Amino acid sequence: ASADDWRNRSIYQLVTDRFATPDGSSPACDTSNRKYCGGTWKGVVNKLDYIQNMGFDAIWISPIVANVESTTAYGEAFHGYWTEDINSLNSHFGSGDDLKALSSALHDRQMYLMVDVVVNHMAATSDPPNYSSFEPFSAQADFHSECFITDYNNQTDVEQCWLGDKNLPLADLNTEDDNIVNTMNTWITTLVNNYTVDGVRIDTVKHIRKDFWPNFAKSAGVFTIGEVLDNATTYVSAYTQVIDSVLDYPTWFALTSAFQTPQGNLSALAAIVQQAQSSYKNGEFMTGSFLENHDQPRFQSLTQDQALVKNAMTWPFVQDGVPILYYGQEQAYAGGADPANREALWLSGYVEDKPLVTHVKTLNAARKAAISANSNFLTSPVKFLSAEGTTVAVSKAPMLALLTNGGNSSTPSWSIPAAGYQANEELVDILTCTKINADGNGGVSVQGTSGQPQVIMPTSALSKSGTLCAN
Ligand code: ABC
Ligand code: CA
């Protein structure tokens, strides 16, 4: 599937080892042990109803290739990022047929499969690495000479020195060598074709020279979204020129800090989003918008105020990009930094009757309703109608999101004279199904309760969606 095909999608990110076991059992899984816990691709197939019931129509799975098998200084390679052999699958997650079965089960549901791939490095369990353990890059000459990245302001260091450390070096591939480049390009073509992959999440994009990426993306032949872990839009924007899209890390930094406390800076969030809108190749449209992922502490490890949580979770669904939800967020998981943020989902029982599961389901439905009500929804940039103090109002017609970081004991109010609705139009807050009317000029003035967000849409825009606030 192309970038355009992904535009209206909503992605559920999961760590295969931690999402579902093949037989539905619930083994203990202590994240601090950093060991394989038993999740597999078959397990994912069995739980697709759970994902689809929330309104997601794509999943992003953790890396699939064979990793180092031993117990390292940082535990086992359950997350999949420690590649040893790019030409074999990680047998902990199942067989090639299991992966193909996942791909077709998704396609039967009109859902997409996104696979996470690592191109920058191979993982070693000794320093210096035993190069002969790598497949196919088994010679020292296939790698940049060893030096660990120390200066993130030095781009040559970032590209040619190594991630990891002496305990677990991530040997940096010599991606200036044509043979290596060709091997990687052929590899991604084959991988996408073998498993009928619809999109590729690319790891460590800032660690390879920019002009490596266009041919790699072309060889993938499907939507590519890259991880460029940096808080500056000025740094990240350059990468939007070489692959389809990036994970929206700059917004993530601003979003997390804006909604973490009532002191958070909502204007700073607005500023970052506007910078991204004006400097990224496709504006914010194709970026992956997220509140959590497997590398960062979960939002609920930063605050447990459920009003703040609900507001922050709303953002990725009411802005320009493709929403991504990290598994477990809907179950209110609260693990801190890696490895605590990689909890087993089976320990939640996959209960669907829970406040945040309902919240996500409503947000996905609202976005789909907005997409079908306005054929320009996916190409109209979100507008900040106000951002001051503890409230912010953003509009993406026909949707008006009224957010607040006041917290659960606050009584927010929003007064938006130019909300863009028709005079006296009937509107509804789809999070509570409370009806209100626009004023004579199409403006909206509402008072909220208990720091809750509101997502306003015209009642007429909901009729097509059927289920949302049906009455
Ligand atoms: C393991 C242990 C950890 C332990 C660590 C040393 O080793 O699990 O507990 O702390 C995989 C595994 C990890 C594992 C690592 C290393 O491998 O998942 O569990 O950690 O063995 C990607 C993936 C990630 C994956 C890898 C490696 C890469 O998403 O899951 O990790 O394949 C850098 C990379 C980024 C990478 C990330 C983990 O490290 O750029 O691609 N993620 C600065 C740098 C960033 C850097 C970051 C690291 O520090 O600029 O480039 O990310 O913390 C902002 C600045 C940012 C700054 C942040 C901290 O502050 O704007 O630039 O980021 O203000
Ligand atoms: Ca590199």
Side-chain angles (χ1 to χ4, degrees), residues 1 5-6 9-29 35-67 76-81 88-117 190-201 220 222-223 225 288 293-294 322-331 333 342-354 357 360-361 364:
D5 296 330
W6 278 84
R9 298 272 155 171
S10 183
I11 306 172
Y12 188 78
Q13 181 199 351
L14 62 88
V15 175
T16 302
D17 181 60
R18 301 295 163 87
F19 179 70
T21 58
D23 60 357
S25 61
S26 296
C29 178
K35 286 185 181 308
Y36 282 99
C37 286
T40 68
W41 296 315
K42 244 185 204 153
V44 180
V45 171
N46 294 338
K47 286 291 171 206
L48 288 180
D49 279 348
Y50 172 79
I51 298 173
Q52 198 174 23
N53 286 347
M54 283 184 281
F56 293 102
D57 44 18
I59 65 171
W60 151 14
I61 63 172
S62 50
I64 62 173
V65 301
N67 274 215
E76 297 176 349
F78 69 90
H79 44 71
Y81 290 95
S88 304
L89 292 176
N90 187 327
S91 59
H92 293 268
F93 307 143
S95 65
D97 283 345
D98 293 340
L99 185 53
K100 287 177 184 166
L102 171 59
S103 180
S104 34
L106 285 161
H107 295 147
D108 286 348
R109 295 165 184 257
Q110 312 334 312
M111 293 171 75
Y112 282 167
L113 173 63
M114 176 179 286
V115 169
D116 203 328
V117 301
T190 309
L191 185 150
V192 165
N193 290 337
N194 270 352
Y195 305 108
T196 327
V197 170
D198 305 292
V200 176
R201 181 271 190 190
V222 292
F223 177 52
I225 182 164
N293 68 27
H294 61 297
V322 178
I324 303 177
L325 185 108
Y326 180 52
Y327 86 99
Q329 197 184 323
E330 76 280 10
Q331 294 289 343
Y333 277 8
R342 299 163 179 193
E343 306 95 320
L345 195 64
W346 50 83
L347 300 175
S348 74
Y350 308 95
V351 175
E352 295 185 39
D353 180 17
K354 277 196 156 177
V357 176
V360 169
K361 193 174 177 173
N364 268 325

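Here the structure is a predicted model, which means the values were calculated and not measured.
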Is [Y] close to [X] at the side-chain level, that is, under 4.5 Å between some pair of heavy atoms?
X: Y326; Y: V15; answer: yes
X: V351; Y: V357; answer: no
X: L345; Y: R18; answer: no
X: L99; Y: V115; answer: no
X: E330; Y: K354; answer: no
X: V65; Y: N67; answer: yes
X: I59; Y: I51; answer: yes

Are [X] and [Y] close enough that a side-chain donor and a side-chain acceptor fall under 3.5 Å?
X: D97; Y: S95; result: no
X: D198; Y: H107; result: yes
X: N53; Y: Y350; result: no

Heavy-atom closest contact ([X] atom, [Y] atom, distance):
X: P63; Y: G80; answer: CB-O, 3.0 Å
X: P27; Y: C37; answer: CG-O, 3.6 Å
X: S62; Y: H79; answer: CB-O, 3.5 Å
X: G38; Y: P22; answer: O-CD, 3.5 Å
X: A20; Y: K47; answer: CB-CG, 3.8 Å

Between the side chain of [X] and the main-chain N/O of [Y], is any donor-acceptor distance below 3.5 Å?
X: T16; Y: W41; answer: no
X: R342; Y: H294; answer: yes
X: W346; Y: S25; answer: no
X: S88; Y: A66; answer: no

**Message:** Using the rule given for side chain to side chain contact (heavy atoms under 4.5 Å, CB included), can you reason through N364 versus L325, listing the C-alpha separation, both sets of side-chain angles and the distance that settles it, and then say yes or no?
**Reply:** CA-CA 11 Å; N364 268 325; L325 185 108; over 6 Å; no
**Prompt:** Out of I225, D116, L14, which residue meets the side chain to side chain contact (heavy atoms under 4.5 Å, CB included) rule with W60?
**Reply:** D116
Spatial distance of atom [atom1] ([X]) from atom [atom2] ([Y]) [nearest 0.5 Å]:
X: L106; Y: T196; atom1: CG; atom2: OG1; result: 11.0 Å
X: L48; Y: L102; atom1: CG; atom2: CG; result: 6.5 Å
X: L113; Y: I61; atom1: CG; atom2: CD1; result: 5.0 Å
X: K361; Y: E352; atom1: NZ; atom2: CD; result: 6.5 Å
X: E343; Y: Y333; atom1: CD; atom2: OH; result: 6.5 Å
X: N46; Y: F19; atom1: CG; atom2: CZ; result: 10.0 Å

**Request:** For the pair Y50 and Y12, name the ring-plane relationship: parallel under 30°, tilted 30 to 60°, perpendicular over 60°.
**Result:** perpendicular
**Request:** If the plane angle is over 60° it's perpendicular, under 30° parallel, otherwise tilted; pick one for W6 and Y112.
**Result:** tilted
**Item:** Intermediate values then yes/no, salt bridge (Lys or Arg N to Asp or Glu O under 4.0 Å), D17 and K35
**Value:** CA-CA 9 Å; D17 181 60; K35 286 185 181 308; over 6 Å; no
